[in-house]
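So that the names make sense, note that chain A is the first sequence line, chain B the second, and so on, each numbered from 1.
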Amino acid sequence: MSYDGFSSDQEQRDILLGFVEEGREMLDEVEPLLVDLERSADEQGAIDLEMVNTVFRLFHSLKGGAGFLNLHTISGVTHEAETLLDMFRKGTAQLTADHIDLMNRACDFIRELIEQIETEFHDGGHEEDAAEVTKQLKETIQALKNPGNTEPTSAPVPEGDQEENAAEATEPEEVQEEAGSNASVNSEAGTVAMDLEEFQLSMGPEIIKQFTSEGEENLEKAEEALLSLENDPTNTEHVQQAFRAFHSFKGNSGFLGLKDMEKLSHSAESVLEQFRGGGLSPSSKVINLILEIIDFLRNAMNSLSSGKSADIPATPGLIHLLEDFSGAKAKAPAKQPEKEVESKPAAPPPPTPEKEEPKSEDMPSSDSKKPEAKVTEEKKQEAASKTPEKPSGPLKATAKDIKPTPKPQPAKKNVQRQSVRVDVEKLDILLDLVGELVIAEAMVSQNPDIRSLDIPLERFEKSAMQLEKITRDLQDVATSIRMIPLSGTFRRMVRLVRDLSQKAGKKVDFIILGEETEVDKTVIEQITDPLIHIIRNSIDHGLETPEDRGQEGKEPTGKLTLEAKYVGGEVWISVKDDGRGLNRERIVKRASERGLFEGDPESLKDEEVWQFIFQPGFSTAEKVTDVSGRGVGMDVVRRNIENIRGKVDIRSWEGKGSEVVLRLPLTLAIIDGMIIRVGKERYTMPITAIKESIQATPEMVTETMDGQEILRIREQLIPVIRLHKLLEVETDVKRLEDGIITVVENEGRQICLLVDELIGQQQVVIKGLSGFVANHPCVSGCTILGDGDISLILDIAGVIGNSHNSSGAGSGTVGEHQIDKDGVKEHAE
Amino acid sequence: MSDQMLHAEDGFNGYEEQEDTQEGKYLTFQIAKEEYGIEIRYVTEIIGIQKVTDLPDTPNFVKGVINLRGKVIPVIDVRIRFELPEREYDERTCIIVVNINSTSVGLIVDSVSEVLDIPGEDIEGPPRVNRSGGSRYIQGLGKVGESVKIILNIHRLLFEDEMEQIMESIQE
């Protein structure tokens with residue numbers, strides 16, 4: 001494998017990794033769209049053209065990228081998928097679930113390949129699988145083409161080629177052109193145009209954002225090329241570059257049905273075509289005019305992204321001006337997008353550039369695509385290093401002078417094109433450093449040397465406060481950088497729900513809410529598996545089959561809602577279904593069979609019962625399906641969520657449904673801690689675990705015969721753990737009344753901790769303990785205090801769990817704890 | 001692909017070379033009456049004794065953790081590891097910070113002596129008599145002039161038995 005022109009292996013690998021990343025994103029985007037497509041085809045009997053187009057575009061980009069990198073397997077498969085899609089796009093075939101399955105399989109296959117590329121940097125070795133997938137696709141395509149034989153598209157060989165050509169072209173005009181050439185499909189062309197109208201109205205913010213950021217890039221490229229051209233009029237490279245930029249821009253705007261933008265960029269393209277052909281010399285007057293057009297396009301994009309119309313009223317005037325320069329020759333092509341029929345005979349000059357593009361893309365491996373893509377790569381970097389205002393500043397002025405019709409909106413300029421791809425490792429380092437800065441800041445401003453000085457410290461205090469404020473702000477920003485929206489994870493679930501519901505023979509209406517909610521990247525990595533398990537459970541156990549639902553008087557289609565929202569300092573992700581709910585009796589039965597509790601099951605609260613399903617190997621399913629029932633799922637859920645210091649809540653309504661809520665911290669690096677002292681040591685407890693702190697009085701204390709102390713706090717009886725015993729620390733505080741009792745709670749269990757003293761509340765940066773010693777169940781990590789000392793962070797779940805395991809001093813078993821609660825109930829009555 | 005392999009090997013060789021220059025160099029330190037040595041390539045730095053925060057439920061030779069400029073690293077008392085009687089820390093007590101398998105660990109020793117070149121031919125195998133107690137950590141005996149330095153197998157010192165269990169419990 002050789003990649004001529006790449007300066008090093010490293011560079012080539014970087015490019016491949018970039019492709020891997022992009023490819024993943026695209027697949028993530030394609031999959032839910034495919035599911036949506038299927039649904040819309042199911043419900044309305046017609047496919048949503050907008051979606052087909054989007055899917056098509058994604059496959060197309062994937063193919064382009066793969067072709068450029070000589071990843072033949074991927075480009076081959078995507079090519080076939082594209083051809084298939086094109087048939088739906090043009091309405092020559094009816095989309096069915098089988099087709100979606102097929103394309104999903106293609107996606108899976110590509111995903112596998114991408115994973116291989118990530119580690120091995122090539123996509124070879126899967127020729128057989130690829131042949132299988134392409135064969136299936138081809139067969140389907142063939143089958144779709146042949147059955148009717150009434151359609152004009154039935155002539156297999158030449159028509160197929162033509163279709164492939166059309167498939168390459170992202171410009172709708174091409175499609176329309178083709179349609180126009182064939183009278184019998186004319187009516188269809190009409191619907192395509194109409195759909196595009198509607199499409200423009202229904203463009204989502206996501207699409208607009210993508211379009212504007214790409215558009216901005218293209219315009220910048222064009223602008224740059226034109227400015228260089230002005231200085232160096234003989235250099236055809238600049239013309240080419242500007243041409244390409246306009247061409248892409250035209251393609252995109254045409255795709256979105258933005259007529260004015262398309263027309264303007266098209267006429268600019270025509271003028272550039274004449275530069276290229278030598279029919280016109282690039283005078284600064286012409287260049288100025290094109291630069292003005294760029295400004296108009298930019299303004300239109302701005303108003304588009306701020307939700308207004310993207311129309312450019314000055315379009316006819318501008319085109320006219322351009323035509324003045326380019327003379328009669330350019331007239332016909334300039335009008336082309338307006339009247340397709342007319343354009344066909346008058347087209348000779350422009351088709352040259354337009355045909356070239358599709359051709360080059362037609363053969364993904366061909367060299368003609370390489371230089372363009374490479375330029376794009378380079379330019380992207382250049383463009384990124386530039387502020388958008390710089391090049392457009394002076395030009396804006398000229399635009400204003402000449403044609404003030406569309407008001408430039410400089411304020412809106414900054415709205416778009418703001419993302420930078422950064423290696424996660426760098427972000428981790430940044431966050432680490434900020435964490436250390438926070439500690440260092442505390443070490444300076446709370447330095448005991450300064451405290452011991454016996455002089456007024458007003459000025460120091462002031463500066464220290466300033467420093468503290470900046471440090472906090474920096475910390476907030478650094479933390480927010482790692483926050484990414486949940487949409488990617490959520491969208492992956494769409495596919496999962498579809499596959500599972502099909503397998504289980506259930507109808508599911510899957511609703512996603514709050515996908516824009518942002519959480520820490522590590523959190524996202526940790527919640528994917530739990531979400532899959534929970535959704536599986538909901539579909540497999542929760543939701544009923546359509547028949548069962550009918551009997552219970554429910555809608556035949558089950559409802560499954562995946563929602564994310566901010567609640568306090570947490571993010572809640574809930575999976576809610578309207579199925580049969582958890583079966584309390586069955587869970588209780590299984591739990592007692594497994595000896596998970598003793599005593600009267602009636603006394604258990606619902607939430608206690610639900611906790612049983614988190615036990616490893618716990619399953620109430622009579623039979624193990626290939627989806628779920630082995631009892632691994634909820635254990636994984638809880639473990640993953642606890643890893644990121646989250647909680648899992650379960651709610652259930654018999655016969656009405658159930659809800660699993662993952663409660664996650666916003667960030668993993670910092671917690672609000674309460675610093676406490678035991679003996680000489682200071683420990684940190686997460687504030688969230690602390691219910692209250694009290695001073696005990698002798699009459700509150702009851703001691704059982706085995707030495708277990710129990711405190712009565714109002715109506716509750718709560719066992720006591722002496723922290724100094726648990727952590728083996730020496731202290732003078734031996735009597736409960738001398739210290740402070742801190743009531744902590746985890747998963748509905750409460751426990752009183754005896755500590756010497758509460759020192760204060762403080763935000764602490766969590767440091768992991770070295771792998772060498774991080775084995776204590778009661779310690780989840782440590783933090784560095786203001787004076788440089790280390791404070792261990794207590795893991796309250798571990799403390800409570802530990803107390804239940806060890807039978808020695810300071811223990812209260814769960815059994816006792818539950819009996820305590822009984823006692824409480826009796827007391828209350 | 002073959003290019004990549006080559007590169008990888010290059011990198012590896014470079015690493016080896018760098019280590020070559022440290023070959024035969026040992027940091028020596030004192031515990032009780034004897035002088036011990038550890039290979040210099042493991043040593044990151046030497047610091048004075050500082051406040052050690054206790055960790056609950058750890059083997060007795062794990063003294064706790066220290067704050068090394070914002071990094072929290074565990075420290076072990078080599079004396080206790082050797083099953084020698086404990087002794088008060090004083091101003092000569094040092095913590096040798098070593099890095100093995102990208103884990104930093106501090107070793108508390110009575111005092112640090114010097115860096116010595118001990119050529120391979122001057123190092124003899126460990127004594128074969130007593131394999132119990134502390135002597136299982138011995139990698140060899142280095143003869144320097146009239147004296148003998150006990151060269152320690154740092155891997156065994158840090159990771160053997162109890163340590164292994166700890167590592168295992170973490171990996172679970």
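Lys680(A) NZ: 12 or fewer foreign heavy atoms inside a 6.0 Å radius. More than 12 non-hydrogen atoms from other residues, nucleotides or ligands lie less than 6.0 angstrom from CD of Glu114(B). Summarising the local packing, CG of Asp90(B) is surrounded by more than 12 heavy atoms from other residues, nucleotides or ligands at distances under 6.0 Å.
Residue Leu727(A) touches chain B through both its backbone and its side chain, counting heavy-atom pairs closer than 4.5 Å.
The side-chain heavy atoms of Pro56(B) and Leu726(A), taken from C-beta on, include no pair separated by under 4.5 Å.
The distance from the CD1 atom of Ile784(A) to the NZ atom of Lys71(B) is 11.0 Å, given to the nearest 0.5 Å.
Remark: Glu35(B) engages Ser113(B), Lys149(B) in a side-chain hydrogen bond (donor to acceptor under 3.5 Å, both in side chains) (not counting sequence neighbours). Residues passing the side-chain contact (heavy atoms from CB on, under 4.5 Å) test with Leu474(A) are Val434(A), Leu437(A), sequence neighbours excluded.
Across Thr53(B) and Glu681(A), no two heavy atoms sit closer than the pair CG2-OE1, 3.4 Å. Among all heavy-atom pairs drawn from Ile66(B) and Ile790(A), the shortest one is C-CD1, 3.1 Å.
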